[in-house]
Amino acid sequence: GAVVSQHPSWVICKSGTSVKIECRSLDFQATTMFWYRQFPKQSLMLMATSNEGSKATYEQGVEKDKFLINHASLTLSTLTVTSAHPEDSSFYICSASVTGAKNIQYFGAGTRLSVL
Amino acid sequence: RKEVEQDPGPFNVPEGATVAFNCTYSNSASQSFFWYRQDCRKEPKLLMSVYSSGNEDGRFTAQLNRASQYISLLIRDSKLSDSATYLCVVNPRDSSYKLIFGSGTRLLVRP
């Protein structure tokens with residue numbers, strides 16, 4: 001099956017620093033990748049849709065200047081949380097859809113971000 | 001009203017029991033439906049897609065009622081390993097790729 005690798009799995013950082021999270025599709029090309037955030041005991045909330053070679057589409061209420069997304073190749077998308085604050089602490093999960101089968105999304109293992 | 005609503009549970013059942021989860025969605029134009037499973041502190045994993053005719057995969061049966069905008073998941077002969085949170089997921093027609101997740105129903109299967 002399609003494998004999505006997400007790195008790092010866990011990061012602790014100081015308030016004000018930036019954190020980059022990588023999402024890679026290992027055995028398939030992903031024109032579209034998605035970034036979600038999940039707070040404890042809540043559901044996944046889509047933050048943005050990342051399209052290879054073009055600008056990401058952000059959901060309402062998500063600051064594009066704070067959550068920078070780059071999708072420079074068909075196998076890699078990155079999410080950078082800039083000037084992280086404690087309220088940004090969350091579980092960030094990426095997913096990728098197989099080109100031609102966009103309704104099926106395969107998820108990375110997630111990144112747990114703790115901002116001190 | 002949430003776009004996808006689920007009973008949060010938890011459902012606490014003994015091994016071998018049959019358990020059913022329900023889900024409702026608000027967008028009548030939604031076109032694709034899924035059940036995902038999420039273990040604690042892990043990523044969601046696709047359990048099964050849901051088709052209008054209903055579909056079965058081993059001990060799992062999914063049903064879709066478009067008229068009532070209702071989706072169900074039935075688990076027969078529950079195993080301890082079925083303990084997880086089950087997420088109802090909908091793909092709205094107005095966006096080809098976006099998935100809307102329900103908040104999940106937690107299942108605990110006890111020995």
Side-chain angles (χ1 to χ4, degrees), chain A residues 1-7 9-10 21 23 25 30-52 54 56-60 62 71 77 89-114, chain B residues 1-10 21 23-27 29-52 55 57 62 64 71 84-108:
Chain A
V3 178
V4 175
S5 173
Q6 188 173 339
H7 177 80
S9 57
W10 194 13
I21 303 170
C23 181
S25 56
T31 307
T32 305
M33 291 186 174
F34 305 87
W35 287 97
Y36 295 85
R37 181 166 53 183
Q38 186 177 33
F39 291 107
K41 298 191 177 181
Q42 295 187 28
S43 188
L44 277 75
M45 296 298 295
L46 180 65
M47 298 175 66
T49 302
S50 170
N51 301 294
E52 186 268 335
S54 63
T57 303
Y58 289 81
E59 294 300 301
Q60 192 172 13
V62 178
H71 193 159
S77 176
S89 298
S90 188
F91 190 46
Y92 292 85
I93 311 175
C94 73
S95 72
S97 56
V98 176
T99 301
K102 296 193 187 303
N103 285 346
I104 303 296
Q105 294 184 20
Y106 298 92
F107 286 83
T111 297
R112 195 160 298 279
L113 172 63
S114 296
Chain B
R1 184 185 172 187
K2 291 182 181 178
E3 292 187 74
V4 180
E5 293 207 59
Q6 293 182 252
D7 180 343
F21 305 139
C23 166
T24 57
Y25 59 95
S26 61
N27 186 342
S30 298
Q31 57 181 349
S32 302
F33 310 89
F34 310 91
W35 283 102
Y36 276 76
R37 169 193 169 130
Q38 186 176 25
D39 292 289
C40 188
R41 294 177 175 262
K42 300 285 187 180
E43 77 278 17
K45 293 185 178 178
L46 179 65
L47 181 64
M48 59 197 304
S49 300
V50 187
Y51 303 114
S52 296
N55 48 300
D57 183 1
L64 168 65
I71 306 160
T85 296
Y86 290 82
L87 305 172
C88 177
V89 183
V90 173
N91 172 221
R93 178 184 288 274
D94 62 353
S95 174
S96 300
Y97 317 138
K98 187 186 300 187
L99 294 182
I100 307 298
F101 284 77
S103 56
T105 298
R106 191 166 174 218
L107 172 65
L108 300 173

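Just the heavy atoms: all of them, side chains too, but no hydrogens, waters or symmetry mates, feed the values below. Here the structure is a predicted model, which means the values were calculated and not measured. In what follows, chains are A, B, ... by sequence order, proteins preceding strands, each numbered from 1.
Residue B:Gln38 touches chain A through its side chain alone, counting heavy-atom pairs closer than 4.5 Å. Residue contact with chain B, scored on non-hydrogen atoms closer than 4.5 Å, involves the backbone and the side chain of A:Leu44 alike. Within the 4.5 angstrom heavy-atom criterion, atoms from both the backbone and the side chain of A:Phe107 approach chain B. For B:Thr85, no part lies under 4.5 angstrom from a heavy atom of chain A. Contact of B:Arg41 with chain A is made through backbone and side chain together, with heavy-atom distances under 4.5 Å.
No more than 12 heavy-atom neighbours from other residues, nucleotides or ligands sit within 6.0 angstrom of OH on B:Tyr51. Counted within 6.0 Å of CZ on B:Arg106, heavy atoms from surrounding residues, nucleotides or ligands total 12 or fewer; the atom is thus considered open. Applying the 6.0 Å contact sphere to CE of A:Met45 captures no more than 12 heavy atoms from other residues, nucleotides or ligands. More than 12 heavy atoms of other shown residues, nucleotides or ligands fall within 6.0 angstrom of atom CD in A:Glu59.
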Q.
Is there a side chain to side chain donor-acceptor pair (under 3.5 Å) between A:Gln6 and B:Glu43? Walk through the geometry before answering.
A. CA-CA 10 Å; A:Gln6 188 173 339; B:Glu43 77 278 17; over 6 Å; no
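Among all heavy-atom pairs drawn from B:Ser103 and A:Ser43, the shortest one is CA-CB, 3.4 Å.
For the atom pair OH of A:Tyr36 and CG of B:Leu99, the computed distance is 4.5 Å after rounding to the nearest 0.5 Å.
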